[in-house]
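Numbers here simply count residues along the sequence, with the first being 1.
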Amino acid sequence: MTLSPPIPQGVQKWLPATLAAMAAALVGIGLARFAYTPLLPALIDAQWFPATTAVYLGAANLAGYLGGALTGKWLATRMPPYQVLRAMMLLATLSFFACMQPVSFLWFFVWRFAAGVSGGALMVMAASTVLVQVPAAKRGIAGGIIFTGVGIGIALSGTLVPALIHIGLIQTWAALGLISLTLTLAAWRFWPVTGSLTPAHDDGTTARRSAFEIPFLSLYVVYALDAVGLVAHMVFLVDYTARGL
């Protein structure tokens with residue numbers, strides 16, 4: 001692994017950076033978030049954790065996801081965004097390897113929370129860091145490519161994880177960690193070199209004021225209602241089907 005900065009933006013093309021952002025979405029959301037859902041009934045059946053405890057581990061991931069989404073920009077104002085993105089992909093990777101053994105509930109809770117933090121930060125930062133570097137005529141297709149990573153990750157979680165569970169839970173977590181590590185290293189040098197996401201002359205006051213205007217508040221409510229309708233199914237439906245039915 002090289003710790004050298006990414007290729008300077010004047011030389012770098014937009015497609016490698018877009019694929020790096022797609023890899024980040026795949027790791028941070030598609031795997032770190034959604035791979036736990038098909039793993040939930042297997043963890044309970046293997047007696048790693050009782051059903052009630054395993055559910056709280058899913059909640060820890062969602063709490064971390066919220067925390068990462070809220071703190072992603074804050075981190076990017078204190079470090080170059082590409083460094084934050086690298087660190088978050090590494091954190092997601094470590095969370096998979098850390099969950100290979102049921103050390104304790106607290107251990108799992110911390111690492112599932114960390115996986116959520118990485119996913120939330122990557123969701124907020126990856127696309128915004130890359131798309132501003134993409135030519136305007138290419139931003140539509142670049143955005144589509146980036147968020148395709150979420151779908152690919154969900155598809156992998158829904159197909160690969162059930163197949164790996166038959167081999168073993170340890171092997172499943174290890175395989176997820178290896179996939180995440182491979183994508184992290186593949187994306188490592190292709191993040192665009194940018195400074196802080198907040199311009200030097202902007203203290204963020206205007207953006208904070210705009211964020212609480214009626215159109216944005218309405219959007220927050222819509223997303224919250226989406227979450228109320230979707231999250232319970234995303235977390236519990238697989239376990240209900242696998243064990244309850």
Side-chain angles (χ1 to χ4, degrees), residues 23-69 88-123 148-184 226-245:
L26 196 161
V27 169
I29 306 173
L31 296 182
R33 163 67 187 89
F34 285 98
Y36 187 74
T37 301
L39 275 166
L40 182 59
L43 291 174
I44 297 170
D45 287 340
Q47 298 183 346
W48 280 28
F49 301 100
T52 52
T53 302
V55 167
Y56 280 113
L57 294 173
N61 184 249
L62 293 173
Y65 189 80
L66 176 62
M88 291 298 105
M89 291 188 76
L90 284 175
L91 181 62
T93 300
L94 285 173
S95 73
F96 290 124
F97 289 119
C99 292
M100 289 174 59
Q101 293 288 344
V103 177
S104 68
F105 170 76
L106 180 60
W107 174 268
F108 244 73
F109 188 96
V110 168
W111 284 106
R112 291 309 300 155
F113 182 85
V117 169
S118 67
L122 289 169
M123 179 195 69
T148 297
V150 179
I152 294 173
I154 294 172
L156 278 176
S157 298
T159 55
L160 184 62
V161 169
L164 288 171
I165 286 173
H166 293 293
I167 302 174
L169 281 174
I170 294 175
Q171 292 83 349
T172 302
W173 285 110
L176 291 171
L178 288 173
I179 293 171
S180 180
L181 179 61
T182 300
L183 291 170
T184 299
D226 283 345
V228 170
L230 290 173
V231 169
H233 297 82
M234 290 192 295
V235 174
F236 300 117
L237 183 60
V238 170
D239 182 58
Y240 173 68
T241 304
R243 297 191 312 115
L245 300 180

Main-chain N/O of Gly177 paired with Ser180 side-chain donor or acceptor, under 3.5 Å: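 Looks like no, no N/O pair under 3.5 Å.
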Check: Leu178 main-chain N/O paired with Thr182 side-chain donor or acceptor under 3.5 Å: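 Such a contact is found between Thr182 side chain and Leu178 backbone.
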Distance-minimising heavy-atom pair for [X] and [Y]:
{"X": "Ala35", "Y": "Leu176", "value": "CB-CD1, 3.9 Å"}
{"X": "Leu122", "Y": "Gly28", "value": "CD1-CA, 3.7 Å"}
{"X": "Ala69", "Y": "Met123", "value": "CB-CE, 4.2 Å"}

Gln101 and Trp107, any side-chain heavy atoms less than 4.5 Å apart: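 Result no, sub-4.5 Å side-chain heavy-atom pair not found.
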Close side-chain approach of Ile29 and Phe34, heavy atoms under 4.5 Å: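 Counting from C-beta outward, Ile29 and Phe34 do come under 4.5 Å.
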N/O donor-acceptor pairs under 3.5 Å from side chains in residues 159-175, not counting sequence neighbours:
{"residue": "Thr159", "atom": "OG1", "partner": "Ala155", "partner atom": "O", "Å": "2.7"}
{"residue": "Thr172", "atom": "OG1", "partner": "Leu164", "partner atom": "O", "Å": "3.2"}
{"residue": "Thr172", "atom": "OG1", "partner": "Ile165", "partner atom": "N", "Å": "3.4"}
{"residue": "Thr172", "atom": "OG1", "partner": "Gly168", "partner atom": "O", "Å": "2.8"}
{"residue": "Trp173", "atom": "NE1", "partner": "Cys99", "partner atom": "O", "Å": "3.3"}

Kindly compute the distance separating [atom1] ([X]) from [atom2] ([Y]), expressed to the nearest 0.5 Å.
{"X": "Leu245", "Y": "Leu237", "atom1": "CG", "atom2": "CG", "answer": "8.5 Å"}
{"X": "Leu181", "Y": "Leu90", "atom1": "CG", "atom2": "CG", "answer": "8.0 Å"}
{"X": "Ile179", "Y": "Thr184", "atom1": "CD1", "atom2": "OG1", "answer": "11.5 Å"}
{"X": "Tyr36", "Y": "Leu62", "atom1": "OH", "atom2": "CG", "answer": "10.5 Å"}

Under 3.5 Å, sequence neighbours excluded: what are the donor-acceptor pairs made by side chains of residues 37-55?
{"residue": "Thr37", "atom": "OG1", "partner": "Met234", "partner atom": "O", "Å": "3.1"}

Extract all donor-acceptor atom pairs below 3.5 Å that involve side chains of residues 109-121 and protein atoms in other chains or at least two apart in sequence.
{"residue": "Arg112", "atom": "NH2", "partner": "Ala32", "partner atom": "O", "Å": "3.0"}
{"residue": "Ser118", "atom": "OG", "partner": "Ala115", "partner atom": "O", "Å": "2.7"}

